Amino acid sequence: MAELSKAYEPQAVEDRLYAWWLEQRCFEADPQSAKPAYSIVIPPPNVTGVLTLGHVLNNTIQDILARRARMQGHEVLWLPGTDHAGIATQTVVERKLRKEEHKTRHDLGREEFLKRVWEWKEKHGGIIINQLKKLGCSCDWSRERFTMDEAYARRVQEVFVDLFQKGLIYRGVRMVNWCPVSLTALSDEEVIPTPHKGFLYHFKVEVVEEPGTWLEIATTRPETIMGDSGVAVNPKDPRYAHLIGKHVRRPLPLDNRAEIPIVGDEAVDFEFGTGVLKVTPAHDKVDYEIGQRHGLAVIDILNPNGTLNDLAGEEFAGLDRFEAREAAVEKLRELGLLVKEEPHENNVGYSERAGVPIEPRLSEQWFLKYPMTVPARDAVRNQLIRFFPDRWEKVYDHWLENIQDWCISRQLWWGHRIPVWNKDGEVRCQVDSPGEGWVQDSDVLDTWFSSWLWAHDTMDDATRAKFYPTSVLVTGPDIIFFWVARMIMAGLEYMGEVPFRHVYFTGIIRDKQGKKMSKSLGNSPDPLDLIAKVGADGLRFGIIRIAPQGQDIRYDEQQIVEGRNFCNKFWNACRFRQIQGEIDPAADPSQHELSLFAQDLLAKLDATIRRIDTAYDEYRFSEVAQALYDFVWGDFCDRFIEAAKADFQNPARREGTLATIDYVIGRVLRLLHPYAPFITEELWHELGYGTGSIQFAEWPQVHGWAADARAEAAFDAAAQARNLRATYNLPSNKRLRWLLQPSEPWVAAETGVLSVLLNAEAIEIVTERPAGSVASCPTQIGLLLLPLEGIIDPESEKTRLAGEIKKVEVEIKKVQGKLSSESFVNGAPAEVVAEHRVREAGWKSRLEALRDAVASLG
RNA sequence: GCGCGAUUAGCUCAGUGGUAGAGCGCCUGCUUCACACGCAGGAAGUCGCAGGUUCGAACCCUGUAUCGCGCACCA
């Protein structure tokens, strides 16, 4: 085999291996397989989307789960795809049309416009999919789905028809959230309450029946005065109760200063503002309800795009709603009706997609009364579905308790068209046209009305039989209502079974300022740039290592660089092994005499496997990464391999040490594979561990190797000796002669290893400390001595030792303080007390050794 | 207003009752024959604050502050 390069070069490896995996059809799930099923459906990214770090985190986690499941002998399906993102995609294409052809979609007509959207989708829709491939995702691309696929789209419409027939879908005139930019209704979930600094405008109106009596009204939206059809006060409010039933004169518009009634309504909070509420039933949800209760007129003064219409009067017609606000205030001022304007902060609902304030608007829409809300709630309450972290269960539960009907119609062209047909006033709900002359409802369905079927309708019958319910869903908590909850309802309604057993909610990746990363903010680095820089494995490992379970993370590129460094570290450990000679992929350390270091390393490998498996059980991915990092970098490279450099020279130990390394590398490769698929696959082949893909190699098991505490003691002694050396500013490349007075017989056999660890010229075993100037450090394996003749002044060693003694005395005081407390000795468990006694003895013997050292310096 | 989360070293974060941890950054020294994407060593924290429980609290309880998120309200 060729020698490995000096540094791991991901770009030389990744595309080649990914192509090979596809060629080998490694990712394709077989519904006929006898293996137990493990399945995940991808949260479909928007077809307009580009990969963000959020996607990287989310999809890396799914890939980790998929790859580990394959290694554990499961038949794995990771089903990928994209959703059609109604508003976003239509907006993108419309913008392009405007820019390139100066046309609107209406210029083209519905059919031609949709043709353009499909063209756009064919051309650009694959971007995010290719990015997922670059990341190494092991999705079954033969099953890639799109929410507008013919079969899937038909199912969406069938579900509409079914729910309609069950009486759960209805059409009605309601107050909805209207987006004046996208020109469509939105669901409540798509409205983001956003703090907004504005003004509370106070103006006065005169009571018609009592000339000279004025009522003061506070409002944030003076531009809607023209749509007011009443004024409301709380009937319990002594200031105003007597006015109920009388009228006020509406100040605007000037050409229609109507008399509007004063009504009494409990909804009015008399603490707020002046306690007098102007009622605009056409443009406010609460006002609409008040209006309904009191039979007030609905005066719609707004056009769909947010400009005012003729009902607003000629001085306002045509103005944008925010220009109209200024104009209305100005007019009130001119009329002398404006009392004051005071700064006021309130929450304004913004459109999630278009980023503008939504407009409450009365319109006719389709609504869904959700099915299966109670079973969906119970499924999580009863742990049929488990959430990780489980705190999201409460959020989910609360939403379902207070669930409102879902506005599912959208005034768009791109999407699943509502399967309702009209002819001469007759209405039919069915997927296919009833025949000539029937006109289909022009609206389409909310994108989420299609993606709530994603967990089951992306699968054909055979696939579904094997892989539904899926094992786990990995997604962000920001779509717990949009998608997770709705999918549970759809699964229960249409499959009679929950869609997944576990839901893992990732954290949200934020930038340095703590802001959420998003495409629109443009604050997410391009993952492809990062991959080019550190490799897909480095990016994956780096991002997962800093993402604790379900906690938001602050992104720092340095963390990603660490991922690369780790990959390179392990690469070089393998390279070092390769330089020593032929690797035995089937090495069995138990067939060899093992050094205490080898024995202990194997026990640490066991402990690492245990730590990793436990962490996986709780979806603690950063813990898995940390366990790998600690074992590979610390136990394996820093300690074992350094010690092995001596043992390779020792014929009695060489074979056992090599076998141990071969064994450990074989297992680390597999443990690391889910996190770093490329480098592990490459090394698996390059080092001769196998010819098939590592992703089907058996997941490592705990073997039961016995630990050897002597190894720790030796490494710890080496660390202390290095510290001593550094204290005297002796550079690490200066090879010194050391003496060692061993505390136990075995220690003498390890001077070779210790010499390497200390970069010592020699370590000489002595039975007593020599006379003269010697620096010393007491360790568990004995007294390490550094003759200082000509190197350092004995007085400074005395000073150093005095410092050490002081530290030890503090520790002894701490332990003795506890042990001398009767309540501690009697109250604490026996083993804790015993442990403190051992600690005390340890410190005391160290103190003694240090005092001896001082004494010996004279 | 209700709920959730966070608060530990300069930074990013682990740590659920028994000697405060990691990585980065910083300082010092090293081109030691795998790796400078590296090696060795070091400095650095009254664990947000105040009470309480306990022999013992970063950890459990109560309160409180600050930041963030969600829900409700928002004239």
Side-chain angles (χ1 to χ4, degrees), chain A residues 4 6-8 193 195-196 200-201 217-221 224 232 267-269 272-280 284 286-287 344-349 389 391-392 394-395 398-399 402 477-478 480-481 508 510 512 514 516 534 538 545-548 550-556 558-559 561-580 622-623 626 629-630 633-634 637-638 641-642 645 718-719 722-727 729-735 756-759 811 814-815 818 821-829 831-833 835-836 839 843:
Chain A
L4 298 176
K6 192 170 168 177
Y8 172 56
H196 178 262
L200 202 52
Y201 303 93
I217 301 176
T219 181
T220 54
R221 301 203 63 189
T224 63
V268 180
D269 173 4
F272 192 95
T274 61
V276 185
L277 172 67
K278 72 186 216 40
V279 184
T280 323
D284 185 278
V286 174
D287 287 11
H344 177 69
E345 186 166 329
N346 62 344
N347 279 334
V348 175
R391 60 188 146 90
W392 294 109
K394 219 169 159 179
V395 175
H398 183 255
W399 185 74
N402 300 286
D478 48 340
I480 187 169
F481 311 137
I508 289 167
R510 301 178 179 281
K512 278 251 157 172
K516 184 171 161 179
V534 303
R545 195 162 80 106
I546 57 165
Q551 291 292 351
D552 290 0
I553 56 179
R554 269 168 208 256
Y555 171 72
D556 179 358
Q558 184 56 37
Q559 303 291 344
V561 171
E562 290 308 307
R564 175 199 63 176
N565 294 356
F566 175 72
C567 290
N568 187 57
K569 182 73 180 174
F570 182 56
W571 175 268
N572 269 286
C574 292
R575 178 163 180 263
F576 173 72
R577 169 60 190 88
Q578 195 191 41
I579 290 168
Q580 310 306 319
S622 62
E623 164 99 18
Q626 196 57 43
Y629 192 98
D630 290 347
W633 205 307
C637 294
D638 285 351
I641 288 182
E642 291 308 315
K645 285 174 180 174
R722 287 163 178 163
N723 179 326
L724 180 66
R725 184 180 60 195
T727 304
N729 293 319
L730 301 169
S732 54
N733 64 338
K734 188 171 171 79
R735 311 193 71 179
V756 168
L757 295 179
L758 296 186
N759 193 28
E811 292 299 332
K814 268 198 325 207
V815 182
K818 277 194 159 183
S821 148
E822 227 172 279
S823 51
F824 172 72
V825 177
N826 296 330
E831 69 263 24
V832 173
V833 177
E835 190 231 322
H836 278 72
R839 210 187 293 164
W843 287 121

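Bear in mind the structure is a predicted one, so any value in this text is a computation, not a measurement.
- Cation-pi geometry between A:Lys645 and A:Phe576 is met: under 6.0 angstrom from the ring centre, within 45 degrees of the axis.
- Spacing of P atoms, B:U62 relative to B:C4, comes out at 11 Å, to the nearest Å.
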Write out a two-atom table: protein N or O, nucleotide N or O from nucleotides 2-4 of chain B, distance below 3.5 Å.
residue : atom : partner  : partner atom : Å
B:G3    : O3'  : A:Lys394 : NZ           : 3.2
B:C4    : OP1  : A:Lys394 : NZ           : 3.1

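- Between B:G18 and B:C59, the two C1' atoms lie 12 Å apart (nearest whole Å).
- Heavy atoms of A:Cys574 sit nowhere under 4.0 angstrom from any nucleic acid atom.
- Between the side chain of A:Glu642 and the base of B:A40, no donor-acceptor pair of N or O atoms lies under 3.5 Å.
- Using modelled atom types, no side-chain atom of A:Asn568 and backbone atom of A:Arg564 make a donor-acceptor pair closer than 3.5 Å.
- In this structure, A:Arg221 reaches neither bases nor backbone, as no heavy-atom distance under 4.0 Å exists between it and the strands shown.
- Within the 4.5 Å cutoff, the side chain of A:Gln626 has heavy atoms near those of the A:Asp630 side chain.
- B:A14 sits 14 Å from B:A6 when the C1' atoms are compared, rounded to a whole Å.
- In this structure, the side chain of A:Gln578 engages the main chain of A:Leu4 through a donor-acceptor pair within 3.5 Å.
- Base pairing analysis places B:C4 opposite B:G68; the two distances defining the Watson-Crick or G-U wobble pair are each below 3.5 Å.
- In this structure, A:Asp638 CG and A:Lys569 NZ are separated by 5.5 Å, a value rounded to the nearest 0.5 Å.
- The NE2 atom of A:His836 lies 10.0 Å from the NZ atom of A:Lys814; values are rounded to the nearest 0.5 Å.
- Looking at heavy-atom distances under 4.0 Å, A:Val825 makes no contact with the nucleic acid at all.
- Residue whose closest nucleotide on RNA chain B sits further toward the 5' end, between A:Ala718 and A:Ile579: A:Ile579.
- Rounded to whole Å, the distance from CH2 on A:Trp571 to P on B:C35 is 14 Å.
- Remark: P of B:C30 and CG of A:Asp638 are 20 Å apart, rounded to the nearest angstrom.
- If you check every strand for non-hydrogen atoms under 4.0 Å, A:Ile217 touches nothing.
- Across all strands shown, B:U28 forms a Watson-Crick or G-U wobble pair with B:A40, both key distances being under 3.5 Å.
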**Study point:** Verdict with reasoning, A:Leu757 to A:Arg722, per side chain to side chain contact (heavy atoms under 4.5 Å, CB included)
**Key:** CA-CA 9 Å; A:Leu757 295 179; A:Arg722 287 163 178 163; 4.0 Å; yes

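- Of the candidates B:C37, B:G41, B:A34, B:A34 carries the atom nearest the A:Lys645 side chain, counting heavy atoms from C-beta on.
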Exercise for review: If a protein heavy atom is under 4.0 Å from the base, mark B; if only from the sugar-phosphate, S; if neither, -; do that for nucleotides 17-29 of chain B going 5' to 3'.
Suggested key: -BB--SBS----B

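- Nucleotides B:C35 and B:A40 have their C1' atoms positioned 15 Å apart, rounded to a whole Å.
- In this structure the side chain of A:Asn572 reaches within 4.5 angstrom of the side chain of A:Arg575, judged on heavy atoms.
- The base-pairing partner of B:C59, taking Watson-Crick or G-U wobble contacts with both distances under 3.5 Å, does not exist among the strands shown.
- Side-chain contact check for A:Phe566 versus A:Arg545: every heavy-atom pair is 4.5 Å or farther apart.
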**Study point:** Residues A:Arg725, A:Asn759; criterion side chain to side chain contact (heavy atoms under 4.5 Å, CB included); working and verdict
**Key:** CA-CA 11 Å; A:Arg725 184 180 60 195; A:Asn759 193 28; 4.3 Å; yes

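- The partner of B:G45 is absent, by the rule that a Watson-Crick or G-U pair needs both atom distances under 3.5 Å.
- Spacing between atom CD of A:Gln578 and atom P of B:C33 amounts to 19 Å, rounded to whole angstrom units.
- Between A:Asn565 and B:G38 there is a side-chain N or O to OP1 or OP2 distance below 4.0 Å.
- Ring geometry for A:Trp399 against A:Phe481 counts as parallel: the plane angle stays under 30°, on a 0 to 90° scale with 60° as the upper cut.
- Residue A:Ile553 contributes atom CD1, which lies 10 Å from atom C1' of B:U12 at whole-angstrom precision.
- Side-chain nitrogen and oxygen atoms of A:Lys569 include at least one within less than 4.0 Å of the OP1 or OP2 phosphate oxygen of B:C39.
- Nucleotides B:U64 and B:C71 have their P atoms positioned 25 Å apart, rounded to a whole Å.
- Taking NZ of A:Lys278 as the start and OG1 of A:Thr219 as the end, the distance is 4.5 Å to the nearest 0.5 Å.
- Going from atom CZ of A:Arg510 over to atom P of B:C69 covers 6 Å, rounded to whole Å.
- For A:Asn347 and B:C73, the shortest distance from a side-chain N or O to OP1 or OP2 is not below 4.0 Å.
- Both A:Ile641 and A:Arg554 sit near RNA chain B, but only A:Arg554 has its closest nucleotide nearer the 5' end.
- Nucleotides B:A44 and B:C24 have their C1' atoms positioned 14 Å apart, rounded to a whole Å.
- Separation of the P atoms belonging to B:G42 and B:C47 is 24 Å when rounded to the nearest angstrom.
- Between the C1' atom of B:C69 and the CH2 atom of A:Trp399 lies a distance of 18 Å, rounded to the nearest Å.
- Listed nucleotides: B:G42, B:C74, B:A34. Nearest to the side chain of A:Asn723: B:G42.
- When both pairing distances are held under 3.5 Å, B:U12 makes a Watson-Crick or G-U pair with B:A22.
- Note on A:Ile546: nothing from the nucleic acid sits closer than 4.0 angstrom, heavy atoms only.
- In this structure, A:Leu758 atom CG and B:U32 atom P are separated by 17 Å, rounded to whole Å.
- Here the side chains of A:Leu277 and A:Asp287 are in contact, with some heavy-atom distance below 4.5 Å.
- Nucleotide B:U53 has no partner under the Watson-Crick or G-U criteria, as no pair reaches both atom distances under 3.5 Å.
- Spacing between B:G48 and B:G5 at atom C1', rounded to whole Å, works out to 15 Å.
- Regarding A:Trp392, its CH2 atom lies at a distance of 10 Å from the P atom of B:C71, rounded to whole Å.
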